[in-house]
Number of protein chains: 2
Amino acid sequence: MAAKVPDRRVRRTRNLLQDALMEIMLTKGYDDVTVQDIVDRANVGRSTFYAHFTDKQQLLTSGIEQLRESLARQEGVLEGPSAGLLGFSLPMFQHVADNYRLYRALVVKGGSALVEELARDMLTGLVRDELAVLVPPGAPLPVPLEVVVQYTVSSFLALQTWWLDQKMPCPAGEVDRMFRDLTIPGIMALGIAPQS
Amino acid sequence: MAAKVPDRRVRRTRNLLQDALMEIMLTKGYDDVTVQDIVDRANVGRSTFYAHFTDKQQLLTSGIEQLRESLARQEGVLEGPSAGLLGFSLPMFQHVADNYRLYRALVVKGGSALVEELARDMLTGLVRDELAVLVPPGAPLPVPLEVVVQYTVSSFLALQTWWLDQKMPCPAGEVDRMFRDLTIPGIMALGIAPQS
DNA sequence: TGGTTGTTGAACACGGTGCTCATTTTCGAT
DNA sequence: ATCGAAAATGAGCACCGTGTTCAACAACCA
């Protein structure tokens, strides 16, 4: 059952549409992009668009899905708590650096509630798993675990957004350090201890 | 120059529209609301809507503006650093509690990038002012001040959103404590000291 | 009361959407 | 190189939400 490679034309069309969407997002932001804009920029027939995607949201989602897969292949992202507390952070920043234009397109212009939500959901899963391992199951925390998760995710996204908005003014290792400097003290103070 | 009170009909219409928008947002989220929905729910002529606002965004903005004014009157929000580090937090949570339905409408359904941005901008101003006072002007921080600001704002919004999503499962003082427990250690560790 | 101001609903042009279908182009396997 | 299958095309269509106009009507307030 070889993973059937789609027709060359199909790949071409899909890529053209993906790229077109990204380019236009960089100038207008997702919300203002129109299907017409996309097919014009991509030099693709309007009906062709609808042969592949039901609407622009699905096009965006498929693009993000690819990015997500690429991220999953990124060294170290999925190592869990073994890499130390909040170990996902550095690889994640590196992945952002490696796909600068793409991430930029997703963030500019307040970048759609949709993008925010997708990014958030994925991160939330990672963080929840990681913290669940570290915290003693029945131990009463001064702050609900879910709150710690939300707090951590929001902080990370804050740093990432700043980094992108400023056009990556420092190396990935540096933002990562800032993120940890700010976030970890608050977490440790709750009695959650990293294994190192 | 007495602040000319608008015609009674005008007040009536504006309130009807405001309320209608809020109600519909509670069920559909801002993005899916249509001008038609609003005027139907409000029992107001379509052309009347456009006599007052240019589009639904302006209606939303005017509503938020009112909320902002109400917030400014809230005891303690604008006291600056005199109330201790992050002193705006508790009064803010209280204001949320006092205007539960309204805040809820703004947050449900991933609540529009626009709302997020407006809330963020306002908070950012508060936090920036507060921190600017506390930090020695020329002192080199391990983290740019602007990053600390973004971090603080995001953390606060994370807590506030969680609190609203969970339908206020604890008193304002409690979320406030959580917020401080999580956020302040990271800030203090940078060498920024509260005056107390 | 009367003059002013606000409200109404019908009508309109516009632009984006999602879909259909007959025709043409391109692919890839033989 | 050929040929059948699959994909791309673009014109056309119905639909919906927008934002505007206007003449008739209703409510306000002095």
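First the proteins, then the strands, lettered A, B, ... as listed; each starts at 1.
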- Nearest nucleotide by nearest heavy atom, which residue falls closer to the 5' end of DNA chain D, A/Arg14 or B/Gln36? A/Arg14
- Task: Look at the side-chain N and O atoms of A/Tyr50 and state whether any lies under 4.0 Å from the OP1 or OP2 oxygen of C/dC19.
- Result: no
- Message: So which atom in A/Leu157 and which in A/Arg120 form the shortest heavy-atom distance, rounded to 0.1 Å?
- Response: CD1-NH1, 3.5 Å
- Protein-nucleotide distance (A/Leu16, atom CG; C/dT26, atom P), rounded to Å: 14 Å
- Message: Tell me the interatomic distance from B/Phe53, atom CZ, to D/dG17, atom P, rounded to whole angstroms.
- Response: 21 Å
- Message: Heavy atoms only, 4.0 Å cut-off, all strands: where does A/Thr34 land among base, sugar-phosphate and nothing?
- Response: sugar-phosphate
- Query: So, is B/Thr13 close to the C/dT7 phosphate, meaning a side-chain N or O under 4.0 Å from OP1 or OP2?
  - Reply: yes
- Please give, in whole Å, the distance from D/dT18 C1' to B/Asp37 CG? 13 Å
- Check the pair B/Lys28, B/Asp37 against salt bridge (Lys or Arg N to Asp or Glu O under 4.0 Å), reporting the backbone distance first and the verdict last. CA-CA 11 Å; B/Lys28 293 216 274 180; B/Asp37 292 339; 2.8 Å; yes
- Message: Looking at B/Arg46 and C/dT8, is any side-chain donor or acceptor paired with a base atom of the opposite kind under 3.5 Å?
- Response: no
- Task: Round to a whole Å and report the spacing from CZ of B/Arg11 to C1' of D/dC28.
- Result: 11 Å
- So which heavy atom on B/Tyr30 is nearest to which on B/Gln57, and how close? OH-CA, 3.1 Å
- Message: Counting only side-chain heavy atoms from C-beta out, which of D/dA8, C/dT5, D/dG19 sits nearest to A/Arg9?
- Response: D/dA8
- Query: What pair of heavy atoms forms the shortest contact from B/Leu141 to B/Leu190, and how long is it?
  - Reply: CD2-O, 3.8 Å
- Query: Of the nucleotides C/dG6, D/dA7, D/dC29, which has the atom closest to the B/Val10 side chain?
  - Reply: C/dG6
- Query: Between A/Asp31 (CG) and C/dT17 (P), how many Å, whole number?
  - Reply: 13 Å
- Message: Rounded to whole Å, how long is the line connecting atom CZ of A/Arg12 with atom P of C/dT25?
- Response: 14 Å
- Mind checking whether A/Phe93 and A/Phe156 have parallel, tilted or perpendicular rings, split at 30° and 60°? tilted
- Query: For B/Phe49 and A/Asn43, take the nucleotide of DNA chain D holding the closest heavy atom to each; which residue's nucleotide lies nearer the 5' end?
  - Reply: A/Asn43
- Task: Look at A/His52 and D/dA7 and indicate whether a side-chain polar atom (N or O) is within less than 4.0 Å of OP1 or OP2.
- Result: no
- Query: In whole angstroms, how far is the P atom of D/dA8 from the CG atom of A/Asp7?
  - Reply: 7 Å
- Query: Has A/Ser47 got a side-chain N or O lying under 4.0 Å from the OP1 or OP2 atom of D/dG10?
  - Reply: no
- side-chain N/O A/Arg8 vs C/dG28 OP1/OP2, d < 4.0 Å: yes
- Separation of D/dC16 atom C1' from B/Asp40 atom CG, nearest Å, is 14 Å
